[in-house]
Amino acid sequence: LVLHKEPIRNVPLDAIERAEKYRDEGELNPANALCIPKELWRVVDAIYEKGLQQPDLFATPGHPEEVKLIREALDTNGPFPQASIHSYVECFLQFLSSLSVPVVPSSLLPTVEINSENIQSMSRKLLEDLPP
């Protein structure tokens, strides 16, 4: 995703078609890659703009039809639909769940129970130990 500046829906699945479409060496050069996938940037930006302060942001599921429309907008680089903040978060969580390698390596997960007394120190340790 970071190599393709155009909507992912426009990238051919067939390797030969993809090679023909991207003959220019610079187009898919890793040196020209984005820092994060544009789709991830768009959905996080939408969450930030639409209601980061919403209660139960990550606990309330989104509406499946809205999530489908948001994913379509991400795949085609189209405008986002009017949808609940929870549907945007649901889309974000689905994206993270689909990664082949987790964002937080299992070796960094806490081995003790987190409570109100140790959450700040545990959070700081996790962030310090995360790989770049």
Side-chain angles (χ1 to χ4, degrees):
L1 290 176
V2 295
L3 291 176
H4 299 283
K5 305 230 182 328
E6 64 183 297
I8 197 66
R9 180 81 47 87
N10 296 346
V11 177
L13 294 175
D14 182 65
I16 295 172
E17 287 179 44
R18 199 168 46 249
E20 289 173 355
K21 184 172 182 173
Y22 301 107
R23 288 178 192 218
D24 180 15
E25 228 176 270
E27 281 189 61
L28 294 181
N29 186 338
N32 296 334
L34 302 168
C35 294
I36 64 169
K38 62 194 167 307
E39 296 83 2
L40 179 60
W41 179 273
R42 287 187 67 204
V43 78
V44 169
D45 189 53
I47 293 168
Y48 181 80
E49 288 180 3
K50 295 181 183 297
L52 201 53
Q53 305 305 320
Q54 178 75 27
D56 298 326
L57 191 59
F58 289 89
T60 304
H63 304 287
E65 197 57 39
E66 290 179 351
V67 172
K68 184 177 175 183
L69 292 172
I70 293 167
R71 289 185 66 160
E72 182 70 17
L74 289 170
D75 287 349
T76 61
N77 203 28
F80 280 136
Q82 288 293 102
S84 76
I85 186 67
H86 300 289
S87 296
Y88 284 92
V89 171
E90 180 82 21
C91 195
F92 174 66
L93 292 174
Q94 287 178 4
F95 179 86
L96 293 178
S97 296
S98 71
L99 297 174
S100 59
V101 177
V103 175
V104 177
S106 58
S107 62
L108 296 182
L109 295 176
T111 55
V112 298
E113 188 163 327
I114 297 175
N115 57 42
S116 60
E117 294 174 6
N118 67 6
I119 190 165
Q120 188 173 9
S121 63
M122 296 293 283
S123 298
R124 182 176 308 279
K125 179 167 177 22
L126 173 67
L127 291 174
E128 289 171 352
D129 292 346
L130 276 175

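Side-chain atoms are counted along with the backbone in the values below, which use heavy atoms only and exclude waters and symmetry mates. Positions are given from 1 along the sequence. Treat the numbers as computed from the prediction; the structure is a model and nothing was measured.
Here the shortest heavy-atom pairing between A73 and P79 reads CB-O, 3.5 Å. In plain terms, the two heavy atoms of G51 and L57 that are nearest each other are O-CD1, 3.9 Å. Closest non-hydrogen pair, L130 versus P105, comes out as CD2-CD, 4.2 Å.
A distance of 6.5 Å separates CD1 of I114 from OG of S123, quoted to the nearest 0.5 Å. Note that the CD1 atom of I70 and the CZ atom of R42 stand 10.5 Å from one another [nearest 0.5 Å]. With values rounded to the nearest 0.5 angstrom, N77 atom CG is found 8.0 Å from E39 atom CD. With values rounded to the nearest 0.5 angstrom, K68 atom NZ is found 8.5 Å from E72 atom CD. Between the SG atom in C91 and the CG atom in L96 there is a gap of 10.0 Å [rounded to 0.5 Å]. To the nearest 0.5 Å, atoms CD (E90) and CD1 (I47) are separated by 10.5 Å.
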Walk me through whether L69 and F80 qualify under side-chain contact (heavy atoms from CB on, under 4.5 Å).
CA-CA 8 Å; L69 292 172; F80 280 136; over 6 Å; no
Applying salt bridge (Lys or Arg N to Asp or Glu O under 4.0 Å), run through K125 and D129 and close with a yes or a no.
CA-CA 6 Å; K125 179 167 177 22; D129 292 346; 2.7 Å; yes
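Other residues, nucleotides and ligands contribute more than 12 heavy atoms inside 6.0 Å of the CG atom of L93. In this structure, K50 places its NZ atom where more than 12 heavy-atom neighbours from other residues, nucleotides or ligands lie under 6.0 Å away.
Among residue pairs with one or both ends in residues 91-110, none qualify as salt bridge (charged side-chain N to carboxylate O under 4.0 Å, His left out); sequence neighbours excluded.
Hydrophobic cluster membership is shared by L52 and V89, with clusters built from Ile, Leu, Val, Met, Phe, Trp and Tyr side chains linked at under 4.5 angstrom. Under a hydrophobic-cluster definition in which Ile, Leu, Val, Met, Phe, Trp and Tyr are linked whenever side-chain heavy atoms come within less than 4.5 Å, directly or via other members, L74 and I85 are assigned to the same cluster. Hydrophobic clustering places Y88 together with F95 (ILVMFWY residues linked when any side-chain heavy atoms are closer than 4.5 Å, directly or through intermediates).
The backbone N or O of H86 lies less than 3.5 Å from no partner atom in the side chain of Q54, so there is not a single donor-acceptor pair.
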